[in-house]
Amino acid sequence: MKLFRIRGGIHPEYRKEMTAGKAIEPLPMPALLHLPLQQHIGAPAVPVVAAGDRVRKGQLLARARGEISAPVHASTSGRIVDILPFAAPHPSGLAQPTILLEPDGLDEWTDLPPPLDPFSVPREEIARRVAECGVVGMGGGTFPSAVKLDLGRKFPIDVLVINGAECEPYLTCDDRLMRECTAEVVDGVRIMARALGVERIVIAIEKNKPEALAAMAAESAAFAEVEVVPLPTRYPMGSERHLVTALTGRETPARKLTADIGVVVHNIATARAVHHAVRLGRPLISRVVTVSGRAVREQKNLDVRLGTLVSQLIEHCGGLVEPPVHYLSGGPMMGQAMPGREVPVVKGTSGILALTAAEAHERDTMPCIRCGSCVTACPCGLVPVEMAQMIRHEKLDAAARIGLLDCLNCGSCAYVCPAHIPLVQYFNYGKGRLAALQRDRRKQEMTKRLAEQRAERVERLDRERKAKMAAAKKAAAEKQEGGA
Amino acid sequence: MLIAIGSLTLLGALLGAVLGVAARYLRVEGNPIEAEVEALLPGSQCGQCGFAGCKPAAAALVKGEAPPTLCPPGGRAVAMAIAEKLGVSVSFGDQEELEPEVAFVNEDLCIGCTRCLKECSTDAIVGAAKQIHTVIAEVCHACGKCAKVCPTDCIEMRAVPATLATWHWKKPRVKVAS
Amino acid sequence: MISTHDISGPYAHQKTSIRRTMALVMVALLPATLFDLWVFGWPAINLLVLTLAASVAAEAGCLSLAGKRLPLFLGDGSVVLTGWLLAMSLPPWAPWWIAVLGGVVAVVLGKHVFGGLGQNVFNPAMVGRVALLISFPLPMTMYVAPRPLFGAGSPGFVEGLSITFGGWDYDALSAASTLGHVKTELARGVALDQAMGGTDLMALVMGTVPGSMGETSAALLLLGGLFLIARRVISWHIPVSMLGALFALATLMHWVDPARFPGGFYHLVTGAAVLGAFFIATDLVTSPVTPPGQLVYGAGIGILTYVIRTWAGFPEGIAFAVLLMNAMTPLIDRWVRPRVYGRTLRGEPLQPRRKA
């Protein structure tokens with residue numbers, strides 16, 4: 001298949017060899033599970049259990065609230081200890097409401113919804129089941145998958161792209177899934193295509209995963225609609241928009257979705273979760289996590305129950321050989337720093353990395369020498385050096401005019417910068433500030449409106465009171481006159 | 001020489017006349033920019049800026065007697081809007097911006113006097129006589145007028161806690177090597 | 001452990017640094033420099049050493065005045081490169097004060113008055129060269145024919161010192177550079193084929209002709225330039241557009257009147273065209289950051305170089321052309337940008353292209 005050119009990109013050190021050969025192994029049952037109510041993009045789930053309740057594996061713990069949301073299910077059977085704020089796997093270290101579940105060791109399933117035959121039920125039924133099972137984008141985006149499976153109703157979709165690029169360094173969980181659970185993944189992919197009503201499926205895999213490519217090609221050979229495409233190894237090939245451009249030559253317009261150009265992209269692990277949800281009725285309660293980084297004694301791919309603390313994963317991997325400079329959730333390019341080890345694994349945790357200082361290679365920032373490496377590396381055609389300068393001088397609107405909001409945070413610019421300027425952090429700050437300003441402005445508008453309404457009301461009441469007094473006076477005067 | 005003097009005098013007189021006529025026919029009542037600046041301010045007349053209300057504050061801003069950052073409830077958004085309108089630069093210095101605040105009623109001390117209710121310019125406090133009052137946080141714009149009138153000092157201004165939805169990365173404290 | 005809270009991703013970085021970038025440029029310059037030092041002998045070696053010493057001393061002085069960390073900033077290599085490029089652009093037998101003055105002007109006026117590393121608008125080495133050229137035109141155009149080291153006619157170490165430090169007059173040995181010679185002859189009304197009579201284009205390519213160090217040995221400089229492109233220190237845009245514009249314009253004019261205008265190849269191998277294209281115009285700080293901008297900038301330098309060489313008072317125009325285009329860089333960066341993904345060139349979102 002002919003691929004289309006995308007601009008920019010980098011060739012980072014992939015360091016996947018640490019875990020690429022490690023088969024997925026199950027993590028032993030932890031003593032306590034921490035299940036945050038928000039493990040997805042959208043509104044947090046609403047708990048339907050209370051402290052002291054006994055729950056079984058797969059039972060609904062918190063229901064979705066609104067269109068864009070996802071429910072949370074019990075990762076094992078046990079007792080609800082409490083619902084309280086607990087540190088989120090998020091760089092802020094802020095707490096969020098979390099359900100504490102104490103396993104009883106029985107690991108006993110609840111009554112699951114009946115399996116569906118995806119090719120005989122109505123299409124909407126599949127999306128409904130996927131929503132019910134709490135499946136979200138497992139590449140790290142964590143957007144509720146059911147919403148994306150429903151896009152076929154709003155947009156004319158003709159291609160389903162399955163993103164097996166796994167272009168982030170270190171991560172190999174999708175690679176392992178494609179090799180070990182090939183049939184489940186391919187079945188999930190076909191179910192998703194049926195839900196979307198598309199005839200053409202492209203499974204795109206970077207060439208640095210030859211075993212996965214071979215396994216997936218062999219498994220999907222039986223299905224004419226599925227095409228497995230090797231991608232050149234380049235970061236950020238797995239960026240949704242760039243992947244679609246590389247495969248189809250279509251470019252997603254700014255501030256639109258890939259669905260606007262007829263393509264929906266789903267991740268490998270999501271495909272497997274969809275298979276479980278539809279064929280077995282199983283909700284999303286566990287996921288494969290790559291534990292890597294040179295600070296970890298033995299790097300592994302683990303099948304982890306959602307809600308397990310990161311510290312338990314690291315312990316299972318033999319602990320640390322040296323104190324890491326960063327704990328990351330996800331890959332080193334777009335992953336998030338975590339406030340520590342005592343945070344839970346959630347639906348979007350594709351990797352847990354403990355990086356040594358040598359791996360991260362962080363250096364003091366030097367002055368920019370305008371070398372233009374960042375411009376060459378940017379896959380979006382932005383000029384990072386100029387945006388960072390504007391943000392440094394608080395010219396946020398100017399930065400937005402030259403494309404700050406088109407930046408996808410891939411980090412290619414900061415990766416190549418010889419002056420070690422924290423470009424991405426400038427962009428993060430700029431985007432956050434712009435959003436905060438937007439909120440401020442909305443609040444100001446509301447304040448003004450309320451203040452005006454009140455002023456009007458006060459004035460009106462005043463007028464009415466005066467009118468009433470005048471009327472009373474007049475009446476009294478008339479009465480007096482009448483009496484006289 | 002005479003021609004030069006004459007023509008220049010004539011030119012001056014003509015232009016002067018034009019200006020005079022223009023001044024008469026194109027006269028603007030009041031200073032329009034003052035009204036525009038006032039429109040940017042919250043309009044709650046809280047007086048935290050030190051002026052009697054938003055109108056005098058706008059007047060002072062236009063005259064350059066007050067910095068664009070004068071309005072605490074307005075925060076950064078208002079400061080930047082004012083600075084843009086007046087074409088002045090705005091500096092927040094190193095101050096970690098004007099932290100957003102919200103009024104909070106200490107329910108143990110509230111006696112239900114309703115004074116704060118009457119004072120609130122955005123109707124952000126609900127309650128009734130002899131009943132404990134409470135603040136609707138989304139509507140409160142932290143002008144602090146309620147705290148001033150409370151007879152039992154039960155209202156305090158608290159920083160709005162950051163949430164996962166509002167948190168964002170700080171500006172890099174660049175250690176540019178020097 | 002560094003606190004993770006205040007550092008955002010990415011948490012992986014290329015093992016690159018300003019120092020490494022500068023070092024690669026120096027490696028690329030090395031073959032041509034060694035060859036030139038051999039060709040022009042001891043005085044050239046003295047000149048290079050003096051220029052470097054003066055530049056580094058000036059940099060150290062400025063840095064300590066500004067209160068910056070000396071080891072870090074001297075170690076970034078940028079000042080060594082500035083001094084080196086300046087020395088390459090001087091007549092190899094120039095006296096000591098040319099070297100010192102040039103180095104100081106380049107570093108102080110070319111770089112530090114703007115705020116130091118990364119802040120300068122103009123290429124510091126070219127600021128130094130142009131200041132010298134218009135202040136002291138005579139010593140700046142006194143070239144000698146090559147006299148390879150240890151060969152017949154090459155000054156010895158002591159003689160070299162006396163040339164550099166001014167005790168010894170080498171007027172008798174002086175020769176004009178090819179560009180200067182041809183220009184003078186043309187100005188006298190000599191026909192082109194006669195003026196170029198003695199010009200051996202092959203010797204120009206190899207570098208065994210009179211000229212400044214950087215004006216000779218086009219072949220070795222080209223080699224270094226290709227190395228820089230291969231190592232991705234510079235991109236191909238500036239050299240290609242600059243040499244392309246120069247070649248195209250020269251070829252066009254030669255076609256219009258072969259008797260007055262030398263051809264394209266002559267312009268590429270004479271003067272500092274190759275050095276300028278790969279090492280001077282591509283100076284990172286003072287050139288545009290975007291590839292399309294670099295194309296505009298390079299073409300501008302090529303055209304200006306040709307115009308200055310052909311119609312202006314100086315035989316060589318690279319330095320002036322580079323400085324003029326340096327001044328245009330901020331404007332180019334502002335107006336010539338890459339297309340943003342999902343947007344048109346003008347910044348409007350693309351129209352969704354749907355399949356029915």
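Order of the sequence lines sets the chain letters (A, B, ...), proteins ahead of strands, with each chain counted from 1.
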Checklist entry - Taking NZ, NE, NH1 and NH2 as the nitrogens, is one of them in A:Glu386 or C:Arg337 under 4.0 Å from a carboxylate oxygen of the other? => result yes

Next on the checklist: Between C:Arg339 and A:Glu251, does the salt bridge (Lys or Arg N to Asp or Glu O under 4.0 Å) criterion hold? Intermediate values first, please.
Outcome noted: CA-CA 12 Å; C:Arg339 187 178 68 82; A:Glu251 193 167 311; 2.8 Å; yes

Checklist entry - What pair of heavy atoms forms the shortest contact from C:Ile18 to A:Ala419, and how long is it? => result CD1-CB, 4.0 Å

Next on the checklist: Tell me whether C:His13 contacts the main-chain N or O of A:Val416 through its side chain, where contact means a donor paired with an acceptor under 3.5 Å.
Outcome noted: no

Checklist entry - Is there a side-chain contact between A:Asp364 and C:Arg69 (heavy atoms, below 4.5 Å)? => result yes

Checklist outcome for this item: Paired with C:Lys15, the salt bridge (charged side-chain N to carboxylate O under 4.0 Å, His left out) test is passed by just one of A:Glu362, A:Glu359, A:Glu13, namely A:Glu13

Next on the checklist: To the nearest 0.5 Å, what is the distance between CD1 on C:Ile7 and CD on A:Gln425?
Outcome noted: 7.5 Å

Item to check | Heavy-atom proximity to chain C below 4.5 Å, by part of A:Cys368 | outcome: backbone

Checklist outcome for this item: From the list A:Gly411, A:Gly372, A:Cys380, the residue making the most non-hydrogen contacts under 4.5 Å with chain C is A:Cys380

Next on the checklist: For chain A, which candidate among C:Ser235, C:Gly342, C:Gly115 shows the most heavy-atom pairs at distances under 4.5 Å?
Outcome noted: C:Gly342

Next on the checklist: Go through it in stages, so that I can follow the logic: the residues are A:Ile369 and C:Leu117, the test is side-chain contact (heavy atoms from CB on, under 4.5 Å), and I'd like the CA-CA distance, side-chain angles, deciding distance and then a yes or no.
Outcome noted: CA-CA 7 Å; A:Ile369 53 166; C:Leu117 181 63; 3.8 Å; yes

Item to check | Aromatic plane relationship, C:Tyr341 with A:His242 - under 30° parallel, 30 to 60° tilted, over 60° perpendicular | outcome: tilted

Item to check | Structural part of A:Ala377 lying under 4.5 Å from a heavy atom of chain C | outcome: neither

Next on the checklist: To the closest 0.5 Å, what do you measure between CD (C:Gln14) and OG (A:Ser373)?
Outcome noted: 8.0 Å

Next on the checklist: Determine whether a donor-acceptor pair (N or O, by modelled atom type, separation under 3.5 Å) exists between the side chain of A:Arg370 and the backbone of C:Ser287.
Outcome noted: yes

Checklist outcome for this item: Among A:Leu423, A:Ile402, A:Asn428, A:Val385, the residue with the most heavy-atom pairs under 4.5 Å to chain C is A:Ile402

Checklist entry - Just how far is it from atom OH of A:Tyr429 to atom OG of C:Ser8, taken to the nearest 0.5 Å? => result 14.0 Å

Next on the checklist: So for atom CE, which belongs to C:Met26, do other residues, nucleotides or ligands contribute more than 12 heavy atoms lying within a distance under 6.0 Å?
Outcome noted: yes

Item to check | Contacting region of A:Val424 [heavy-atom separation from chain C under 4.5 Å] | outcome: both

Next on the checklist: Counting heavy-atom pairs under 4.5 Å with chain C, which one of A:Gly381, A:Gly331, A:Cys378 comes out on top?
Outcome noted: A:Gly381

Checklist outcome for this item: Okay, C:Asp283 and chain A: the region with an atom under 4.5 Å from a heavy atom over there is neither

Item to check | Separation between CD of C:Gln351 and CD1 of A:Ile261, rounded to the nearest 0.5 Å | outcome: 13.0 Å

Item to check | Part of C:Thr290 within contact of chain A (heavy atom distance under 4.5 Å) | outcome: both

Checklist entry - Given a strict heavy-atom distance threshold of 4.5 Å, which part of A:Arg241 is in contact with chain C: side chain, backbone, both, or neither? => result both

Checklist entry - Hey, is CD on A:Glu199 packed in by over 12 heavy atoms from elsewhere, all under 6.0 Å? => result no

Checklist entry - Do you know which two heavy atoms are closest between A:His420 and C:Thr16, and how far apart they sit? => result CE1-O, 3.0 Å

Item to check | Residues, nucleotides or ligands: over 12 heavy atoms within 6.0 Å of A:Arg7 CZ | outcome: yes

Next on the checklist: On a heavy-atom basis, which atom in A:Ala414 and which in C:Pro10 lie closest, and how many Å separate them?
Outcome noted: CB-CD, 3.5 Å

Item to check | CE-OG distance between A:Met366 and C:Ser17, expressed to the nearest 0.5 angstrom | outcome: 8.5 Å

Checklist outcome for this item: When the 4.5 angstrom heavy-atom criterion is applied to A:Cys410 and chain C, the contacting part is neither

Next on the checklist: What I'd like to find out is whether the side chain of A:Met333 reaches to under 4.5 Å of the side chain of C:Tyr11, using heavy atoms alone.
Outcome noted: no

Checklist entry - Is C:Pro338 close to A:Val383 at the side-chain level, that is, under 4.5 Å between some pair of heavy atoms? => result yes

